[in-house]
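Only one structure is covered here, and it is reproduced in the block below.
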Amino acid sequence: MTSADSLLEALDEDQRVAAQTLLGPLCMLAGAGTGKTRAITHRIAYGVATGVYPPERVMALTFTSKAAAELRGRLRQLGAAGVAARTFHASALSQLGHFWPEVIGGTMPRILDSKGRLLAQSAESLRLKLDTATLRDLAAEIEWRKVSRLTLDQYAKVIDGRTLPSMLDADKMLALHRAYESQKDERRQLDFEDVLLATAGMIEAEPRVAQQVREQYRFFVVDEYQDVSPLQQGLLDMWLGDRQDLCVVGDASQTIYSFAGASAEFLLGFPARYREASVVRLEQNYRSSPHIVATANQLMRGRPGALALRPTSSGPESAAKAAPTITAYPSDVAEARVVAGQVAALIAEGTRPQDIAVLFRINVQSAPLEAALTDAGVSFQLRGGTRFFEQREVKQALMMLKGAVVGATREPLFKTVSDVLRSLGWTQDPPEARGAVRDRWESLNALMALAEESSPGTSLSAFVGDLFERAASQHEPTMSAVTLATLHSAKGLEWDTVFLVGLSDGFVPITYAKTEEAIEEERRLLYVGITRARRRLHLSWASGGSGRGPARRESRFLPQLR
């Protein structure tokens, strides 16, 4: 077992304070790149090594199975193998499965793998025909209602303030929610949110369940606490009871999931809720060069809960010379080609492809980047999403365009492609709502844009052939590859060189970010992107798209970074 003293020696002064604060409420405000995972694991291991924590009575909670596995691995290496590190859902599901036969009787209902099929059947029962994208948005709305701990009656009171898919008004949405819940109950099924709701309800209603749960776990640590939802907070309160041995770790500046019910208010309000709480600020950044740290601080200065990151002299060697760049391009294609050229040059100079990332706001922005990197001979992998040409709507469009070649007339390419895409639901104007419907439109619109930028006189056959060649060329080994990722899927990762592209108003902030709160979330999303970079950071935007749309303006955030 690692000695207690050596565990402390591995930490900086602020991390050491956190590690030695083992009892009572502790709020660890940990900025990007400040070694929060090291602080969390060393604190737990120190508690075990000193005998304060019986390992089997410690629960470390996080939000993804990958993060939980990383915590378990690090804890094992530090001599704290008996500590449970799980997601909220995994912990709740284990407890629910254990207590259901005792409290309710019989076997536990089956857990739904996905809401999609049941939602489609619920829609059919109401004589509504919804496409896949709308069903995905409906599922997201149901999840938001549940993690916000709203009953159907409470949801009915706030629905007028929600942005709903264009096919569904408030009455239809409410009817679908009710039909879904009814069919789910009839079939004795639970969805993922139900698992948390049922577990919290069982602990609250059954004193013997509460007693057993609280006897099992005494000390709690919650990572990424800025992402906790009201439902997760409620379950955590049930686990704690009247005890206060709770350590929360988070960064309000990295709250980027408010649309899914996450709220940084639990993190920011922790000291007020626990009057005796210790608060430790981790602001020493070990990841990024001083220039990149300064850029991140500029963006978030004066925002609620923002931390003032400090660069370290032992950080990346690129400190003084590689200041972030901000570049404007005339079009998405021009931007993609220059970025691809810069990426290829870095690789030629010896940079490993896996140490480079190109980040963007939404998946559809990857299309010109995928094409440009392919043309430059650079291998890439798309993280956190399906490759552009493998998206269902894109594959469907390609098949229909291929079929249209057979009966093609002498009509302009633009009109033929437009007619095919309109049959799939594409419109000239984008839908206002965010979500899967908007993503589907963006994908189809990207194909429309490719048609618009084709050389005059290009035949439909030649255009379709080029599309299939582009699609085929993307199936190449990606073990040593540049990463393409959305800003959301890049959270928690880091690279030596990061290109942040497409930073125009309409993308960052995204078009549907109308309120001040939504725009501030877009600011935080950009902050997450900036703080992924270790040595080099390049920001860029295009004044024109690939098609005939209106001219764009640079993101309103960029002037603050110059």
Side-chain angles (χ1 to χ4, degrees), residues 87-97 99-101 103-206 209 228-235 237-238 257 259-263 433-437:
T87 64
F88 275 88
H89 278 97
S91 298
L93 186 58
S94 175
Q95 292 174 14
L96 196 62
F99 289 110
W100 189 282
V103 176
I104 308 297
T107 58
M108 194 177 79
R110 186 173 67 86
I111 307 299
L112 277 173
D113 293 331
S114 170
K115 296 181 177 68
R117 179 175 297 179
L118 191 57
L119 284 173
Q121 292 168 350
S122 300
E124 288 175 7
S125 72
L126 298 172
R127 297 184 178 179
L128 294 174
K129 187 172 179 59
L130 305 181
D131 59 26
T132 303
T134 302
L135 288 172
R136 288 201 299 266
D137 287 342
L138 173 57
E141 187 69 3
I142 288 174
E143 288 160 10
W144 178 86
R145 169 177 61 82
K146 291 189 170 188
V147 301
S148 300
R149 301 183 80 182
L150 297 177
T151 65
L152 283 167
D153 289 340
Q154 290 170 329
Y155 177 66
K157 295 177 181 178
V158 301
I159 193 171
D160 288 337
R162 301 287 296 164
T163 302
L164 305 178
S166 57
M167 295 178 67
L168 300 175
D169 57 23
D171 290 339
K172 290 178 181 176
M173 179 64 83
L174 276 169
L176 282 164
H177 280 235
R178 296 185 191 281
Y180 167 76
E181 296 296 340
S182 177
Q183 290 209 30
K184 181 165 54 66
D185 291 344
E186 288 174 5
R187 301 179 187 193
R188 291 195 74 250
Q189 295 175 324
L190 298 175
D191 59 28
F192 283 107
E193 294 73 39
D194 290 334
V195 170
L196 301 188
L197 287 164
T199 304
M202 194 176 289
I203 296 172
E204 186 174 27
E206 298 289 336
V209 173
V228 77
S229 69
L231 175 54
Q232 290 161 331
Q233 180 64 50
L235 180 57
D237 290 340
M238 290 296 103
Y257 294 107
F259 64 88
S263 174
R434 65 167 297 145
V437 170

Exercise. Where do Leu197 and Leu231 land on the side chain to side chain contact (heavy atoms under 4.5 Å, CB included) test, with the steps shown first?
Worked result: CA-CA 7 Å; Leu197 287 164; Leu231 175 54; 3.4 Å; yes

Problem set entry | Side-chain touch Glu204/Val209, heavy atoms, less than 4.5 angstrom | no

Exercise. Between CG of Leu190 and CH2 of Trp100, what distance do you get to the nearest 0.5 Å?
Worked result: 5.5 Å

Exercise. Atom OH in Tyr180, atom CG in Asp185: separation rounded to 0.5 Å?
Worked result: 9.5 Å

Exercise. Are the side chain of Ser182 and the backbone N or O of Arg178 linked by a donor-acceptor pair below 3.5 Å?
Worked result: no

Problem set entry | CZ on Arg136 to CG on Leu119, rounded to 0.5 Å | 12.5 Å

For this session: For the pair Tyr155 and His177, name the ring-plane relationship: parallel under 30°, tilted 30 to 60°, perpendicular over 60°.
Result: parallel

Problem set entry | Non-hydrogen side-chain atoms of Met173 and Pro165 separated by less than 4.5 Å | yes

Exercise. Which one of Arg188, Lys184, Arg110 satisfies the salt bridge (Lys or Arg N to Asp or Glu O under 4.0 Å) criterion with Asp194?
Worked result: Lys184

Exercise. Between atom NZ of Lys172 and atom CG of Leu174, what is the distance when rounded to the nearest 0.5 Å?
Worked result: 13.0 Å

Exercise. Among pairs that include at least one residue of residues 111-128, which meet salt bridge (charged side-chain N to carboxylate O under 4.0 Å, His left out), considering only residues two or more places apart or in two chains?
Worked result: Lys115-Glu143, Lys115-Glu193

For this session: Could you walk me through whether Met108 and Leu93 pass side chain to side chain contact (heavy atoms under 4.5 Å, CB included), step by step?
Result: CA-CA 10 Å; Met108 194 177 79; Leu93 186 58; 3.7 Å; yes

Problem set entry | Heavy-atom donor-acceptor pair, Ser148 side chain to Leu150 backbone, under 3.5 Å | no

Seminar exercise, completed: d(Arg162 CZ, Trp144 CH2) to nearest 0.5 Å is 4.0 Å

Problem set entry | Whether Thr134 side chain and Leu130 backbone form a donor-acceptor pair below 3.5 Å | no

For this session: Report yes or no: does Ser122 contribute a side-chain atom to a donor-acceptor pair with the main-chain N or O of Leu118 at less than 3.5 Å?
Result: yes

Problem set entry | Electrostatic pair Glu141-Lys146, nearest N-O below 4.0 angstrom | no

Exercise. Which distance, rounded to the nearest 0.5 Å, do you find between the OG1 of Thr199 and the CZ of Phe99?
Worked result: 10.0 Å

For this session: Spell out, as yes or no, whether a donor-acceptor pair under 3.5 Å connects the side chain of Gln232 to the backbone of Ser229.
Result: yes

Exercise. Heavy atoms, side chains only, cut-off 4.5 Å: are Leu164 and Asp169 in contact?
Worked result: no

Exercise. With a 4.5 Å heavy-atom cut-off, do Leu168 and Asp137 have their side chains touching?
Worked result: no

